[in-house]
Amino acid sequence: MQANLWDKIEEFDVNATSNGNGFSLRLARENEWSYNFTKQAITEYKKFMFLAATNDFMVSPSRIVDNVWHLHLTYTKSYSSLCELLGKRIEHTPSDFSDADIEKYRVAKEKTRIEYEKNFGKQSEYFWKNSELLDQLNLLKAKYKLRIKIIFILLFYIVLFYPIFLITKPFITSIDSDDFLVSNLAIFVVLLVSLEFYNKSKTKAVFDSFDKSSFLFDLTPLELVYLKTNSLIKVIHGVMNNLLKQKRIYVSSDYKLHVSNSITRDELDETIIDYITPGGVFYPTVLNKAISRSNYTNIKYSMDSVNKYFLKSKIFSSLFLINVIVFTGIIFYSFLRLTNGIIRDKPVVFLFLLIIVMIICSIFYLFYLSRMITQRVLVEYYEVNILTKNKIKENWAWNYFLYGDAIFVESFLPLARNVDKNNYGSSSGSSCGSSCGSSCGSSCGGGCGGCGGD
């Protein structure tokens with residue numbers, strides 16, 4: 001291998017001519033890739049370009065490498081710089097899908113594999129065989145959409161309601177009202193607890209089947225913070241707290257954020273620091289601007305795509321339907337009693353309220369189930385099996401993932417609590433920033449920490 005050339009290619013910065021980490025951020029956003037997977041995909045692209053430069057035959061990229069290549073071609077200055085480094089212009093020639101073309105690319109693909117293995121070892125199937133990031137998890141997709149199945153179940157209950165009502169009427173009307181309420185509530189609670197154990201067992205079994213070398217086990221701590229909290233605001237809280245802890249920024253007596261004279265930046269820090277004006281700015285104003293930047297939205301998009309993948313899988317669809325059937329079954333049984341009570345002109349207020357409570361609890365639990373594998377099982381796996389003392393010591397973000405708000409510095413804690421309390425992070429931030437700033441001095445006094453850190 002031409003070691004000197006590869007060293008230069010490996011060191012080549014694809015982001016050098018873009019704004020900050022613009023190329024990497026756009027690549028991740030367009031493909032909904034995780035942070036570390038995006039970095040590795042760029043490395044694989046560089047390996048491909050090395051092979052293209054050092055061989056006189058056509059080499060063929062994988063789908064994932066081709067995605068990187070396509071985007072890099074649009075960054076013309078950066079791409080020209082790379083080709084200059086390679087010593088020749090690497091042209092992108094798309095296939096016309098003719099029989100001859102298909103055979104040509106098949107041969108090129110095999111030659112590429114051979115040359116790759118000579119220079120870099122065995123190709124990773126995650127980058128050279130799979131077409132998408134989520135192919136690594138290898139879950140079968142459900143044949144029908146989940147909502148169609150749920151509608152079918154509800155229609156099934158509606159159609160059968162009257163005949164079942166007639167059949168069960170003698171039994172249901174024979175139960176004392178108090179006994180029915182108590183027994184129905186007890187049954188619901190027992191079913192809820194049983195489903196929790198069952199669902200945890202099933203989702204854990206699915207999780208344990210995943211290849212431990214896949215991207216799912218190489219997530220960044222802030223990606224895990226998002227999965228754990230389902231909140232980008234919490235992610236930004238962590239970055240802000242670290243900036244305050246390292247004294248790169250500070251909070252003044254009027255609760256504005258200011259930049260220190262001497263700072264060092266990384267791609268997450270700069271998004272926040274860029275919005276702190278010389279005269280200082282309230283936290284919600286910074287938050288509202290930073291939350292829409294790719295540095296943070298990429299975390300949301302990539303992690304949400306993982307959860308959506310699970311929701312569309314055949315195994316989750318079956319699990320979810322079991323839960324729906326159980327919940328609708330007990331609620332259906334309660335409606336039978338409610339209908340009998342109304343027809344017989346009996347008091348049904350408490351039963352009606354119980355049904356409302358069961359419906360609300362069922363809906364909340366089903367939402368919880370929809371994020372169980374990412375928000376609970378995956379998070380617990382990292383906490384138990386991946387996190388080490390060294391990781392926590394070396395990276396503040398791992399500490400934040402593990403302990404959350406408990407690590408916040410004293411000056412930031414009231415600011416974060418106010419944002420969480422008032423659901424900032426949208427258009428409300430700028431207005432709160434100005435209104436709270438003007439009123440804190442006169443009315444909030446020493447308690448302006450609760451006014452917000454605006």
Notebook entry, point to check: Do Q40 and Y45 have a side chain donor and acceptor closer than 3.5 Å?
Noted result: no
Checklist line | Lys/Arg N to Asp/Glu carboxylate O, E103 vs R106, below 4.0 Å | finding: yes
Check: Y75 vs F23 aromatic rings, parallel, tilted or perpendicular, using cut-offs 30° and 60°?
Finding: perpendicular
Next item on the list: Just say parallel, tilted or perpendicular for the rings of F316 and F320, cut-offs at 30° and 60°.
Entry: tilted
Item checked: Parallel, tilted or perpendicular: ring planes of Y250 versus H258, cut at 30 and 60 degrees -> parallel
Next item on the list: With sequence neighbours left out, write down each residue that passes side chain to side chain donor-acceptor pair (under 3.5 Å) with Y275, or none if nothing qualifies.
Entry: R293
Note to self: Checking side-chain polar atoms at under 3.5 Å, does Y400 have a donor or acceptor matched by the opposite partner on N242?
What the structure shows: no
Item checked: Under-4.0 Å salt bridge between D304 and K308 -> no
Item checked: F401 six-ring face occupied by K228 cation (under 6.0 Å, within 45°) -> yes
Item checked: Point-to-point distance, once rounded to the nearest 0.5 Å, from CG of L224 to CG of L402 -> 11.0 Å
Next item on the list: Keeping the roles fixed (side chain from K46, backbone from E10), state whether a donor-acceptor pair exists under 3.5 Å.
Entry: yes
Next item on the list: Indicate whether the side chain of R29 and that of S294 have a donor and an acceptor atom separated by less than 3.5 Å.
Entry: yes
Item checked: Backbone N/O of F210 and side chain of S214: donor-acceptor pair under 3.5 Å -> no
Margin query: Ring centroids only, cut at 6.0 angstrom: are F48 and Y116 within range, meaning strictly under it?
Written below: no
Notebook entry, point to check: Do you see a donor-acceptor pair shorter than 3.5 Å between the side chains of S34 and N36?
Noted result: no
Margin query: For the residue pair H237 / N241, report whether a side-chain donor-acceptor contact shorter than 3.5 Å exists.
Written below: no
Notebook entry, point to check: Will you find, in the side chains of W69 and Y79, an N or O donor that is under 3.5 Å from an N or O acceptor?
Noted result: yes
Check: Is F152 atom CZ crowded by more than 12 heavy atoms from other residues, nucleotides or ligands, each under 6.0 Å away?
Finding: no
Check: Could D405 and R417 be called an ion pair, given the rule that one side-chain N must be under 4.0 Å from one carboxylate O?
Finding: no
Next item on the list: Return yes when atom CZ of F156 has more than 12 non-hydrogen atoms of other residues, nucleotides or ligands closer than 6.0 Å, and no otherwise.
Entry: no
Note to self: What I want to find out is whether E380 reaches R376 closely enough, with some N-O distance under 4.0 Å, to be called a salt bridge.
What the structure shows: yes
Check: Does the ring of Y144 carry K149 above it, NZ/CZ under 6.0 angstrom from centre and within 45° of its axis?
Finding: no
Next item on the list: Answer yes or no: is there a donor N or O on one side and an acceptor on the other, between the side chain of D218 and the main chain of F37, under 3.5 Å?
Entry: no
Check: If you look at every heavy atom in T203 and M372, which pair is closest and at what distance?
Finding: OG1-SD, 3.5 Å
Next item on the list: Hey, can you tell me if Y365 and Y368 have their rings parallel, tilted or perpendicular (30° and 60° cut-offs)?
Entry: tilted
Note to self: Tell me whether the rings of Y382 and W398 are parallel (<30°), tilted (30 to 60°) or perpendicular (>60°).
What the structure shows: parallel
